[in-house]
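Atoms considered below: every heavy atom in the structure, side chains included; atoms not considered: hydrogens, waters and symmetry mates. Only a predicted model underlies this, so the values are computations on that prediction, with no experimental measurement involved. Lettering follows sequence order; numbering is per chain, from 1.
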Amino acid sequence: CKQGLVDDGIQLFSRMKEKRVLPTVVTYNSLIHGLCVSSSWGEAGGYIKEMLSSGISPDMPIYNALIDASCKEGRVERALEILGLVVREKREPNVITYNALINGYCLLGKMEGAIKVVNTMVSQKKTPDLFTYTTLMRGFCKKGMLVKAREILALVIRKEKPNMVTYTTLIHGYCLFGKMEEAVKIFNVMVSMNLKPDLVIYNTLMDGFHKLTNPNEAKQLFSELRVHSQNLD
RNA sequence: GUCCGUCUAGUUAG
């Protein structure tokens, strides 16, 4: 399913049933997640009904997959409806649930909404994690609120350890607005934290310079990349 | 006790 071969997943699922191999929640979620990603909501709903009628109740990964898929389609209202179901079924939303919702608001550029979810999360004693912070940073970057994004990095450095994704997100933000000096500054911070630059980060920076029609810097980075290429994917 | 399976965050012109 993750390879985008959902049809094969469905076939395999049928064969399992023929052979009397009973599906579990995990089996169902693998399928449902795949169907959500290929936005086949109708089919996903079919499997949810099937699951319910065989006495299996959806767990948080299933709800989260539905919430995340809705958010990525820009349908935060539907995600919130599903969240309502979660509460009604007496399940407890977890960090992933909130992160998916925060991402939903960020994708719509609704940062106030995103922050509200963060507040809800905290009031429910769920601690924001690296995903939360990176998602927020990305949202702020997209809106050009780079100072906010930079503040979040400072916060992350204080509270936990930023990873490659965190740095790349901020660097990409600077690149988006042509602030290459800032981008490089963050890159250097990252290197000084002993993180080895990966392909994505090099692509991000090269793309940034290229868009500024600064091919020399881009070429410089490319040769640096070649030197390090044995360490890359 | 420890690992492992399903859910959330990063780049890529046309």
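The distance between atom CG of A:Asp59 and atom C1' of B:G5, rounded to the nearest whole Å, is 12 Å. When the C1' atom of B:A9 is taken as reference, atom CZ of A:Phe140 falls 15 Å away, rounded to whole Å. Rounding to whole angstrom units, CG of residue A:Leu205 and P of B:U12 are separated by 12 Å. Computed from coordinates, the A:Met137 CE to B:U11 C1' distance equals 14 Å when rounded to whole Å. Residue A:Asn103 contributes atom CG, which lies 7 Å from atom C1' of B:A9 at whole-angstrom precision. Note: NZ (A:Lys161) to P (B:A9) measures 22 Å, nearest angstrom. Note: OH (A:Tyr98) to P (B:U8) measures 18 Å, nearest angstrom. Look at CZ on A:Phe177: it is 14 Å from P on B:U11, rounded to the nearest Å.
Checking A:Tyr133 against A:Glu160 by side-chain atom types alone, no donor-acceptor pair falls below 3.5 Å. In summary, the side chains of A:Thr135 and A:Asn103 do not present any donor paired with an acceptor at a separation below 3.5 Å, with no hydrogens or angles considered. No hydrogens or angles considered: nothing links the side chains of A:Thr204 and A:Asp207 as a donor-acceptor pair under 3.5 Å. Between the side chains of A:Ser123 and A:Thr120, no donor-acceptor pair is found at a separation under 3.5 Å.
With hydrogens and angles ignored, no donor-acceptor pair under 3.5 angstrom links the side chain of A:Asn29 to the base of B:G5. One can find a donor-acceptor pair under 3.5 Å joining the base of B:G10 and the side-chain atoms of A:Thr168.
Atom CG of A:Leu35 sits about 7.0 Å away from atom SG of A:Cys1, to the nearest 0.5 Å.
Of the candidate nucleotides B:U8, B:G10, B:U11, B:U8 has the atom nearest to the side chain of A:His33. Distance from the side chain of A:Ser30 is smallest to B:U6 among B:G10, B:U6, B:C7. When each of B:A9, B:U6, B:G10 is scored by its nearest atom to the side-chain atoms of A:Val26, the top-ranked nucleotide is B:U6. Each of B:U11, B:U8, B:U6 was ranked by its minimum atom distance to the side chain of A:Phe131; first place goes to B:U8. Checked against B:G10, B:C7, B:U11, the side chain of A:Asn203 finds its nearest nucleotide in B:U11. Considering only side-chain atoms of A:Asp207, the nucleotide from B:U12, B:G10, B:A9 that sits closest is B:U12. The side chain of A:Lys2 lies closest to B:U6, out of B:U11, B:U6, B:U8. When the nucleotides B:C7, B:U11, B:A9 are ranked by their closest atom to the side chain of A:Thr204, B:U11 comes out on top.
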Convert the base pairs of RNA chain B into dot-bracket notation, remembering that pairs crossing earlier ones are written with [ ] and that bases paired across to another strand are shown as |; include only Watson-Crick or G-U pairs under 3.5 Å.
-> ..............

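Phosphate proximity of B:A9 to A:Arg138: absent, as no side-chain N or O sits under 4.0 Å from OP1 or OP2. For B:U11, the OP1/OP2 oxygens have no side-chain nitrogen or oxygen of A:Lys142 closer than 4.0 Å. Distances shown here put every side-chain N or O of A:Lys126 at or beyond 4.0 Å from the OP1 or OP2 atom of B:U8.
Nucleic acid contact class of A:Asn163 (heavy atoms, under 4.0 Å, all strands): base. Within the 4.0 angstrom heavy-atom criterion, no nucleotide atom of any strand lies near A:Met206.
Checked for salt-bridge contact, A:Lys185 and A:Glu182 meet the test: a charged N lies under 4.0 Å from a carboxylate O.
Between A:Tyr28 and A:Tyr47, the ring planes are tilted. Angles from 30° to 60° get that label.
In terms of the side chain to side chain donor-acceptor pair (under 3.5 Å) criterion, residue partners of A:Glu73 (sequence neighbours excluded) are, by chain and number, A:Trp41, A:Arg78.
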